[in-house]
Amino acid sequence: MMDYEIDLISTTYSEDAYQTPRETARSVYAEKLPNNASEFHAALASGFELQFVFRIHDYEYNGEMTVRYDGQVYDVYRTYQING
């Protein structure tokens, strides 16, 4: 059930000499899934601490590597598409 609202945050940079970063956020609805042991350990092995697992529609994801949920900002560790 997609009953959690998250913000997908993309970063672009200005084309001047300063290359100033600019963040743009889009709100989407997501399903919050339980953390499973294999995902948790894979994240730790890569130097990350797994906080949340969210499922969103694939057509809403545009490669954003940052997510805001409940006022906190998180890095995206991994994405994958589920068939079916």
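Counting begins at 1 with the first residue of the sequence. These numbers come from a predicted model, not from an experiment.
Partners of Asp58 by side chain to side chain donor-acceptor pair (under 3.5 Å), not counting sequence neighbours, listed by chain and number: Gln81. Scanning for ring-ring contact (aromatic ring centres under 6.0 Å, His included) contacts around His41 gives an empty result, with sequence neighbours left out. Remark: Asn62 engages Arg26, Glu64 in a side chain to side chain contact (heavy atoms under 4.5 Å, CB included) (not counting sequence neighbours). Every residue meeting the salt bridge (Lys or Arg N to Asp or Glu O under 4.0 Å) condition with Glu31, not counting sequence neighbours, appears here in chain and number order: Arg55. Partners of Tyr18 according to the ring-ring contact (aromatic ring centres under 6.0 Å, His included) rule, which considers only residues two or more places apart in sequence or in another chain, do not exist here. Partners of Pro34 according to the side chain to side chain contact (heavy atoms under 4.5 Å, CB included) rule, which considers only residues two or more places apart in sequence or in another chain, do not exist here. Applying the side chain to side chain contact (heavy atoms under 4.5 Å, CB included) criterion to Ser38, with sequence neighbours excluded, gives Asn36. Residues forming a salt bridge (Lys or Arg N to Asp or Glu O under 4.0 Å) with Glu39 (at least two apart in sequence, or on another chain): Arg78.
Within the 4.5 Å cutoff, side-chain heavy atoms of Thr66 are placed close to those of Val73.
Taking Ile, Leu, Val, Met, Phe, Trp and Tyr as hydrophobic and joining them when side-chain heavy atoms fall under 4.5 Å apart, one finds Ile9 isolated, its cluster having no other members. Hydrophobic cluster membership for Met2: Tyr29 (Ile, Leu, Val, Met, Phe, Trp, Tyr linked by side-chain heavy atoms under 4.5 Å, directly or transitively). Clustering of Ile, Leu, Val, Met, Phe, Trp and Tyr side chains at separations under 4.5 Å places Met65 together with Tyr4, Ile6, Leu8, Val28, Phe52, Phe54, Ile56, Tyr61, Val67, Tyr69, Tyr74, Val76.
Ser14 contributes a side-chain N or O that, together with a main-chain N or O of Thr20, makes up a donor-acceptor pair within less than 3.5 Å.
Residues in residues 3-25 take part in these salt bridge (charged side-chain N to carboxylate O under 4.0 Å, His left out) pairs, two or more places apart or across chains: Asp7-Arg68.
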